[in-house]
There are 2 protein chains.
Amino acid sequence: MDAYKYIKEAIIHGKYEPGMRLGEESLAKELSLSRTPIREAIKQLESEGLVIPLKRGVSVRNFTREDIQQIYDLRTLLEGYAASQAALHRTEEDIENMKEANSRYEEAIERYKEADLDSIKEIVNFNQQFHEAIISACNNPHIYFHLSKVVVVPLVFRSFYWYESFELKRSLEVHKTILSSIQNQDSERARVAMTEHIYQGRDQVLAHLEEIKKIHVLKEDTHD
Amino acid sequence: MDAYKYIKEAIIHGKYEPGMRLGEESLAKELSLSRTPIREAIKQLESEGLVIPLKRGVSVRNFTREDIQQIYDLRTLLEGYAASQAALHRTEEDIENMKEANSRYEEAIERYKEADLDSIKEIVNFNQQFHEAIISACNNPHIYFHLSKVVVVPLVFRSFYWYESFELKRSLEVHKTILSSIQNQDSERARVAMTEHIYQGRDQVLAHLEEIKKIHVLKEDTHD
DNA sequence: AATTAACGCTTTGTATACAAACAGTCAATG
DNA sequence: CATTGACTGTTTGTATACAAAGCGTTAATT
């Protein structure tokens, strides 16, 4: 298997926890590869900021609350812009793609049972497809290039596991607003709606972070 | 020497031209290294988009006119935002850094003799320091992370070799406007001035690209 | 007992050797 | 004459071996 993808997934899925040191030898054994391809994969992850260099080797980056705030600020900026440009440049095909992805998203939400991992993964996947449809409609591939590195980060916290049904429904409504704004070529409305949508996502991640923190504090207490 | 830096510089300085294929073996010989560190460097450059994968190995990316337009759009967005945030969050020390860099920039422009490479490099360098001072004042390191990859691209065209004295002086004036807006915490003015400043830079790169194109056409003609 | 020096172990950095994939050429055949 | 097939040389992908740099532990000296 491709070492880069494997390690990246493992970080996102929490197999390698933040702060954990990544040894080349152990990764090589785990993937039944030699150290050479592992090193290349690590270099890539390093230049994307998912792992940070230590005096010796690298460790999984630990994103702070501040990081999340800043990263989401960046994302509102980029993706808000993408939405506004999509409104100006969208073709019929673009609109079709967005509608398609969003219908799937809606269906998946209807099927949703709380705490069912597979159904959540499905939802996350179609949500991503909707966002990607917009980004590719904005006529600026470079935006996509940078956004793809920004979007990964919050995934590390897997906060969507905690989504409640009403949050998903609200998200779906906003999607529809964004979609119709783009269809009507109302670029400013598209930008604002997208920006707000992403801020809502940020709030949920931050709330989830608080939950984690509490649990951590509880754990600390039981140790005494 | 560090392979990553070396190759990057070589691409920027035009030693490796766009479209040129980069063989591992030849790079290794050139740097008196083995292929292993070369491959790691290439993987990094690839994930930054400076080289693109071929069926076999990589080649130096050829940025089109469209790429430049899109990249500058991105840069106005990011750096305009950075300027507006810098206006909100700047400390006294931030202001000092900006003033320092800009003074150096002004001095270098006064010393400027057209077509003197060293004096141009000096100017480019202090200009960059000024922009970096703003970006670090904006309280969002992630912006810097992405901007650093955006800013490199136009350098490939080395259009600043062609700068005329009046263009540099205009640029200096805009710097002063940006600086005072930030000092006065006028965030919207800072954003607009920065945005305009970068669009001016884009115009110059695009004009330079036209020049190059003309020369190319002339060359083609002489071949017949 | 504390501090430092030295030793050894672990892990990364680099080189090299080998395997496999691809490109180009030349020849054979329809 | 064109098209296909096999061969060969070149280049990348992977593994392994070796060099060097850090870190921890232990022992010796003050």
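- Computed from coordinates, the A:R35 CZ to D:dG13 C1' distance equals 16 Å when rounded to whole Å.
- Both A:K55 and A:L33 lie close to DNA chain D; mapped to their nearest nucleotides by heavy-atom distance, the more 5′-ward contact belongs to A:L33.
- At the phosphate of C:dG13, OP1 or OP2 sits under 4.0 Å from a side-chain N or O atom of A:R39.
- Atom CD1 of B:I38 is separated from atom P of C:dG13 by 15 Å (rounded to the nearest Å).
- Taking atom CD1 on A:I42 and atom C1' on C:dG13, their separation rounds to 13 Å, with Å as the unit.
- Side chain of A:S34, nearest nucleotide from C:dA15, D:dT14, C:dG13: D:dT14.
- In terms of polar N and O atoms assigned as donor or acceptor, the side chain of B:R56 never comes within less than 3.5 Å of the base of D:dT12 in a complementary pairing.
- In the model, A:H175 has a side-chain atom that pairs as donor or acceptor with a side-chain atom of A:N127 under 3.5 Å.
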*Go through the steps for B:R104 and B:E100 under the test salt bridge (Lys or Arg N to Asp or Glu O under 4.0 Å), then give the verdict.*
CA-CA 6 Å; B:R104 295 282 166 79; B:E100 174 73 14; 2.7 Å; yes
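- Straight-line distance from the OH atom of A:Y4 to the C1' atom of D:dT14: 21 Å, rounded to whole Å.
- Between A:R21 and C:dT10, a side-chain N or O to OP1/OP2 separation shorter than 4.0 Å is absent.
- The CD-P distance, from A:E40 to C:dT14, rounds to 14 Å in whole Å.
- Side-chain contact, A:Y105 with A:S171: a donor N or O sits under 3.5 Å from an acceptor N or O.
- Per the geometry, CD belonging to B:E25 stands 12 Å off C1' belonging to C:dA17, to the nearest Å.
- We find that CD of B:E24 is positioned 15 Å from P of C:dT16, with the value rounded to whole Å.
- Counted by atom type alone, B:Y6 and B:K15 present one or more donor-acceptor pairs between their side chains at under 3.5 Å.
- A:L31 has its CG atom 12 Å from the P atom of D:dT14, to the nearest Å.
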